[in-house]
Q: 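This is the structure I have questions about; it appears just below.
Just so you know, these numbers come straight off a predicted model, no measurement behind them. Chain naming here is simple, since letters A, B, ... match the order of the sequence lines and numbering starts at 1 in each.
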Amino acid sequence: MIRSEVLKMMLPVLRDHLVVCNIGLPSQEMHMLEDRPGNFYMLGTMGLASSIGLGLALAQKAPVVAIDGDGSVLMNLGTFSTIANNQAPNFVLLVIDNGSYGSTGDQTTYAGRKTSLTAVAQACGCENVVECTAEETPQVVADAIKAQQMTVVISKCESGNVKVPVIPLDPVVIKDRFMKQVAALNA
Amino acid sequence: MGIDDRILADLVKHRIEFVTTVPCKQLAGVIEGIDTTPSILHVPSNKEDEGMGLCAGAWMGGKRPAIIMQNTAIGVTINALATLTQFYRMPLPMLISYRGEVGEPVACQVEMAVHTKALLAQLCIPTYHFHRQSDVEELDGILGHCFMASKPVAVLMDATFWKGELQ
Ligand SMILES: [Mg+2]
């Protein structure tokens, strides 16, 4: 199962929540599958999905799921320490770990070789780290949101992409409608 | 009131409730003050671009953010500033310890100091240089300006500024 199939299965789980979508194909796939104001699409800034998600979760009460990738999280490994040391019970970091840089032509990442992101997250002090298969991912994420326990989910899936169009939305529009959704969920 | 307390009071006055920091000796007093200010959540970051991600999230979550860092950070945050803070038009006060100016004991700091203002100018980031202690009086207005304009704004605070207490 590849990332786009995992994201498709995730839609019912994510639909009511705030979702930070990583740069490149993950954002484009989320946009194509089901565009909604509660999705924050990153159009650039590789590596910061988990940081944006954590800041958002710490600032308000509604559940936040940040969809990151293995290549992106490798660019910001310190994030696991920041997550571990700043408890946000409403935060789930979902790392779609396909072992490759999907948006740039499926070059292998170090997570696809010797590096275990699960072990890294645990070593950084994250208390709830779940490594799961692509098929198990929707249930694991749903359980994590329900438990109100900050959780890092490492979803192991296959590399590969489907063709998706770029996101035509203006960044200020993405932000504006997202912030209105944040306000509505916190009303 | 000392400089550290003045800075803290202005952060509180402008309802800044989320501050991320990467430390510098010159900023130690301010950072300590942030830790003991109940209305401010302090989330230290490992690297300044990570901090800008945290601040973007906090802003969208309804909390006014600020980042406190050294000027060396400008070198590692250009992408985050351009493609996140500026592209999505978000406010971000950056309180920056301006190392490498007159009084600096570490030669390597000068190497980044000479690029600091040029890089900020290239990014079209409003930049204010605090040199004399009385310059702290401007912070109130600068913070208001930052949130009015929804832009990142840089306040460079050099060694001469940090040297003493306000009368
Ligand atoms: Mg990947």
Q: Looking only at heavy atoms, what is the nearest atom pair of Leu58(A) and Leu41(B), with distance?
A: CB-CD2, 3.9 Å

Q: Tell me the closest heavy-atom pair linking Met90(B) and Phe40(A), and the distance in Å.
A: CE-CZ, 4.5 Å

Q: Phe18(B) versus chain A, heavy atoms under 4.5 Å apart: side chain, backbone, both or neither?
A: side chain

Q: Quick test of your reading: applying side-chain hydrogen bond (donor to acceptor under 3.5 Å, both in side chains), list the pairs with at least one residue in residues 82-91 of chain B, sequence neighbours left out, ordered by first then second residue.
A: Thr45(A)-Thr83(B)

Q: Working to the nearest 0.5 Å, report the span between CG of Asn46(B) and CG of Leu77(A).
A: 10.0 Å

Q: Within a reach of under 6.0 Å around OH of Tyr41(A), are more than 12 heavy atoms found that belong to other residues, nucleotides or ligands?
A: yes

Q: For a quick test of reading the model, state the closest non-hydrogen atom pair linking Glu50(B) to Ser51(A) and the distance between them.
A: CG-OG, 3.3 Å

Q: Yes or no on side-chain contact (heavy atoms from CB on, under 4.5 Å) for Met46(A) and Asn79(B), after CA distance, side-chain angles and deciding distance?
A: CA-CA 9 Å; Met46(A) 182 170 173; Asn79(B) 183 49; 5.9 Å; no

Q: Among Leu48(A), Asp170(A), Ile52(A), which has the most heavy-atom pairs under 4.5 Å with chain B?
A: Ile52(A)

Q: If we define contacts as heavy-atom pairs under 4.5 Å, which of Thr79(A), Leu54(A), Leu43(A) has the most with chain B?
A: Leu43(A)

Q: Specify which of Ile23(A), Asn186(A), Val172(A) makes the most heavy-atom pairs with chain B at under 4.5 Å.
A: Val172(A)

Q: For Gln107(A), look at atom CD and say whether over 12 heavy atoms of other residues, nucleotides or ligands are found less than 6.0 Å away.
A: yes

Q: With respect to chain B, which residue among Val173(A), Val182(A), Ile174(A), Thr82(A) yields the maximal number of heavy-atom pairs within a distance under 4.5 Å?
A: Thr82(A)

Q: Report the residues that fulfil salt bridge (charged side-chain N to carboxylate O under 4.0 Å, His left out) with Arg132(B), sequence neighbours left out, ordered by chain and then residue number.
A: none

Q: Tell me whether the count of non-hydrogen atoms from other residues, nucleotides or ligands lying under 6.0 Å of CD in Gln87(A) goes above 12.
A: yes

Q: Within a reach of under 6.0 Å around CZ of Arg15(A), are more than 12 heavy atoms found that belong to other residues, nucleotides or ligands?
A: yes

Q: With a cut-off of 6.0 Å (strictly less than), are more than 12 heavy atoms of other residues, nucleotides or ligands near CD of Glu32(B)?
A: no

